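Let me begin by presenting the structure, written as C-alpha cells, before commenting on it.
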Amino acid sequence: MTTIEFQAAVFRAPNTPLTVETVSIPATPPPGEVLVRLKASGLCHSDLHVIVGEWDGIPTPTILGHEGAGVVEAVGDGVADLDVGDHVVLTWTPSCGRCRYCVSGRPVLCDKAAEHSANHVSFDGGTRVTSADGESVHSFAGLGTFGEYAMLPRSAAVAVDRTAPFEQSALVGCAVTTGIGAVVNTAAVRPTDTVLVIGCGGVGLNAVQGARLVGSRRIIAADISDQKLEQARAFGAHEVINTTTEDLGERIAQITDGRGVEVAVEAIGLPQTIEAAYGVLARGGRAIVAGQVADGVRVSIDPFVMSDQELSLVGSNYGSSRPDIDFPILVDHYLHRRIDLDSLVTGVIGLDEINDGFEEMKHGKGIRTVVAY
Ligand SMILES: NC(=O)c1ccc[n+]([C@@H]2O[C@H](COP(=O)([O-])OP(=O)(O)OC[C@H]3O[C@@H](n4cnc5c(N)ncnc54)[C@H](O)[C@@H]3O)[C@@H](O)[C@H]2O)c1
Ligand SMILES: [Zn+2]
Ligand SMILES: [Zn+2]
C-alpha cells in the first residue's frame, strides 16, 4: 500500500505543547472516502479546550484541528459527486444522509457524527493516520486539520467556489458557520430583534456579522477586551459593553428601554456569561449557547421566570447548519462582500509555529490565526 508522509501537530497529553511529527496516510482512499490535501486550517478555541485539559476523554495521540480547507487529492470507490481538484471546506459533522436527524434536515446531529466523528475516528470506527513509531493516530472530530493530509467520509468535504482564498474559506469550517448560524439558523433572528453577543472572538464576531446580515435592528456586543469590542463595531455592532468596567444588565436596560434583548448569544463557554445572557432577555426571548464549557460545568436558572416569561435557553451545535447548503452560500456571501472573512484572519503561520498561535489565543490576541500549508 502506497502511503504519503506529512507533518502534523499531534496532541499527546494535556498542558504540553503539540508535537510536530512526521506521520503517514494511505495514498488511496477506502470506498466512500476522500483524501484531502489541506491548504489552510484555523486555530479554534475548541482545540485549546483540549490542549489545556478542559475536555476529558480525548484519545491520544490525536492530530488536532477541525477548521480546514483544501483540495481533493483522491476519491475512493463510490464517490461520484466530488472530483480530484475540487476545492473543499471540511465539516466536523459529516453526516450519513439516512438517520432520523439527517432526513429531518438536522445533519449536525447525525447519528454517525455523534458516534464516530465525536470520538475522533472514521465512519468505520478506525483511524487513518500512523505515527513514525507505528501507532494509530486519531484525527480530531474525524478531521485533524493540523496536518497537510486528511482522509474523510465523503460528506465531510463540501465543494465551494474555487476563487475563494483558502485561509478565508477554512474559517467557514468552524467559526463562521458556528457564529452566523447561531443567529441565522438557531435563533432565526428577525429584523425586529435586538441581538446581544457575549464574547467577541472568532465565533462571537461572526454572530455579530450574522445579525448584521439579517438586518437585526440593534446589535450589542460584550467582551472584556476593548480591542475585541473595536472589532465588533467593525463587524456591525451598534453598541459595545466592556463588562470589566460596565454592568451588563444596566447597559442592556438602558439601551432597550428596560425591555431586554430578544436574542442573546453566548460565545465564550463560561457559566457566568451563559447565565448573564439568559438574565438580560426580554419576555419571550431566547438565549443561545454557542460557547462550549469545560467538563462538569453547570448553570443555574429560575424555572418560574422561564415559564412565566416564555424564555428559551437553546444549545447551538455548529450553528444548526446544513454544511452542504450553508458552506457554499457563506463563501458566496464572502465573495459578494456581504460578510467579511478577510478581517477575521489576523495571522498566518507555519505548522511549526502552532504552539505560539495557541499561546496568543490564551492571551486573547488576534481573531483567527490560520496555519497555511
Ligand atoms: N457550539 C459550537 O458548535 C462551537 C463551535 C466552535 C467553537 N465553539 C466554542 O465557542 C467558544 C468561543 O470560541 P472562539 O474560537 O470564538 O474563542 P476565542 O478565544 O476566539 O474568543 C473568546 C472571546 O471571549 C472573550 N471573553 C473571555 N472571557 C470573557 C468574559 N468573562 N466575558 C466576556 N467576554 C469574555 C475573549 O476576550 C474573546 O474575545 C469556545 O468555547 C469554543 O469551544 C463552539
Ligand atoms: Zn471550532
Ligand atoms: Zn445521519
Side-chain angles (χ1 to χ4, degrees), residues 41-50 52 54-55 64-68 90-117 123 140-141 143 145 153 155 170-179 181-182 186 196-208 221-232 240-244 246 248 265-277 288-294 297 314-321 344 346 358 360-369:
S41 171
L43 275 57
C44 176
H45 206 114
S46 298
D47 303 300
L48 186 59
H49 284 308
V50 175
V52 299
E54 287 178 350
W55 289 353
L64 293 187
H66 59 280
E67 189 176 71
L90 308 189
T91 156
W92 44 263
T93 57
S95 51
C96 73
R98 290 186 300 275
C99 72
R100 60 187 296 160
Y101 298 104
C102 283
V103 296
S104 61
R106 304 181 77 181
V108 299
L109 303 180
C110 172
D111 282 342
K112 278 278 194 189
E115 192 184 343
H116 297 301
S117 309
F123 271 9
F140 188 69
L143 301 183
T145 58
S155 58
L171 305 190
V172 171
C174 190
V176 175
T177 297
T178 300
T186 316
L196 165 68
V197 177
I198 308 183
C200 300
V203 173
L205 288 173
N206 279 293
V208 169
D223 202 292
I224 51 175
S225 149
D226 282 331
Q227 193 201 344
K228 293 294 172 81
L229 291 171
E230 213 39 61
Q231 286 155 343
V240 300
I241 303 171
N242 187 324
T243 54
T244 61
E246 298 174 277
L248 182 75
V265 177
E266 201 274 358
I268 307 161
L270 293 173
Q272 63 270 31
T273 42
I274 293 171
E275 288 169 1
I288 311 298
V289 181
Q292 291 180 321
V293 302
V297 164
V314 187
S316 181
N317 185 28
Y318 219 163
S320 311
S321 60
L344 292 173
T346 48
F358 280 112
E360 293 202 340
M361 183 185 289
K362 275 186 203 167
H363 296 102
K365 286 196 193 140
I367 306 174
R368 262 319 195 239
T369 300

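Here, residue 1 is the first one in the sequence, and each next residue gets the next number. Counting starts at 1 for both ligands and their atoms, in listed order. Only a predicted model underlies this, so the values are computations on that prediction, with no experimental measurement involved.
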Sphere of radius 2.8 Å around the Zn ion (ligand 2) - protein N, O or S atoms inside: C44 SG, H66 NE2, C174 SG
Ligand 1-proximal atoms of A175, by part, heavy-atom distance under 4.0 Å: neither
K228, portion touching ligand 1 at heavy-atom distance under 4.0 Å: side chain
Atom indices of ligand 1, in the order listed, that fall short of 4.0 Å to a heavy atom of W92: 3 (O), 5 (C)
Closest to atom 30 (C) of ligand 1 (judged by heavy-atom distance), picking from L229, I224, V293: I224
Between T244 and N242, a side-chain donor and acceptor under 3.5 Å: yes
Any residue meeting ring pair (Phe, Tyr, Trp, His ring centres under 6.0 Å) with H116, in chain and number order, not counting sequence neighbours: none
Side-chain (T346) to main-chain (G366) donor-acceptor, under 3.5 angstrom: no
Closest to atom 7 (C) of ligand 1 among G319, A294, A221, S46 (heavy-atom distance): S46
Residue selection (non-hydrogen contact nearest atom 12 (C) of ligand 1) among A222, A267, G364: A267
Check: R368 side chain, L171 main-chain N or O, donor-acceptor pair, under 3.5 Å: no
Near the Zn ion (ligand 3) (under 2.8 Å) - protein N, O or S atoms: C96 SG, C99 SG, C102 SG, C110 SG
From the candidates I268, V203, T93, the one that places a heavy atom nearest atom 40 (C) of ligand 1: I268
Test item: T145 side-chain N/O and G65 main-chain N/O as donor-acceptor pair under 3.5 Å: yes
Residue part near ligand 1, for R368, under 4.0 Å between non-hydrogen atoms: side chain
Side chain to side chain, V240 and E230, heavy atoms closer than 4.5 Å: no
Partners passing ring pair (Phe, Tyr, Trp, His ring centres under 6.0 Å) against F123 (at least two apart in sequence or in another chain): none
Close approach, C200 and ligand 1, non-hydrogen under 4.0 angstrom: yes
Audit row: T178, N206, side-chain contact (heavy atoms from CB on, under 4.5 Å) steps and yes/no: CA-CA 8 Å; T178 300; N206 279 293; over 6 Å; no
T243 (side chain) donor-acceptor with L248 (main chain) under 3.5 angstrom: no
pair I274-V293: side-chain heavy atoms closer than 4.5 Å: yes
Backbone N/O of L270 and side chain of E266: donor-acceptor pair under 3.5 Å: yes
Interfacing atoms of ligand 1 (cut-off 4.0 Å, heavy-atom, G202): 16 (O), 20 (O)
L205 vs Q231 side-chain heavy atoms within contact, under 4.5 Å: yes
Ligand 1 atoms in contact with T273 (distance to a heavy atom under 4.0 Å): 32 (N)
Taking atom 4 (C) of ligand 1 as the reference point, the nearest protein heavy atom with its distance: T178 CG2, 3.5 Å
Main-chain N/O of S316 paired with S320 side-chain donor or acceptor, under 3.5 Å: no
Per-residue contact class, D223 against ligand 1 - non-hydrogen pairs under 4.0 Å: both
Atom 17 (O) of ligand 1: nearest protein contact (heavy atom, Å): H45 CB, 3.2 Å
Per-atom contacts, ligand 1 versus H49 - under 4.0 Å to a heavy atom: 40 (C), 41 (O), 42 (C), 43 (O)
Protein heavy atom at shortest distance from atom 21 (O) of ligand 1: G201 CA, 3.2 Å
T93 (side chain) donor-acceptor with A113 (main chain) under 3.5 angstrom: no
Evaluation steps, side-chain contact (heavy atoms from CB on, under 4.5 Å), between Y101 and C96: CA-CA 9 Å; Y101 298 104; C96 73; over 6 Å; no
Sub-4.0 Å atoms of ligand 1 with respect to non-hydrogen atoms of C174: 5 (C), 6 (C)
Donor-acceptor contact present, side-chain Y318 to main-chain P107, <3.5 Å: no
Nearest candidate to atom 10 (O) of ligand 1, where distance is taken over non-hydrogen atoms, out of A182, G199, G291, S316: G291
Where ligand 1 meets N317 - atom numbers and elements under 4.0 angstrom, heavy-atom basis: 3 (O)
Atom indices of ligand 1, in the order listed, that fall short of 4.0 Å to a heavy atom of Y318: 2 (C), 3 (O)
Main-chain N/O of K228 paired to S225 side chain as donor or acceptor, under 3.5 Å: yes
Distance from atom 44 (C) of ligand 1 to nearest protein heavy atom, with residue and atom: A290 O, 3.0 Å
Which of the ligand 1 atoms, numbered from 1, are nearer than 4.0 Å to a heavy atom of L270: 28 (N), 31 (N)
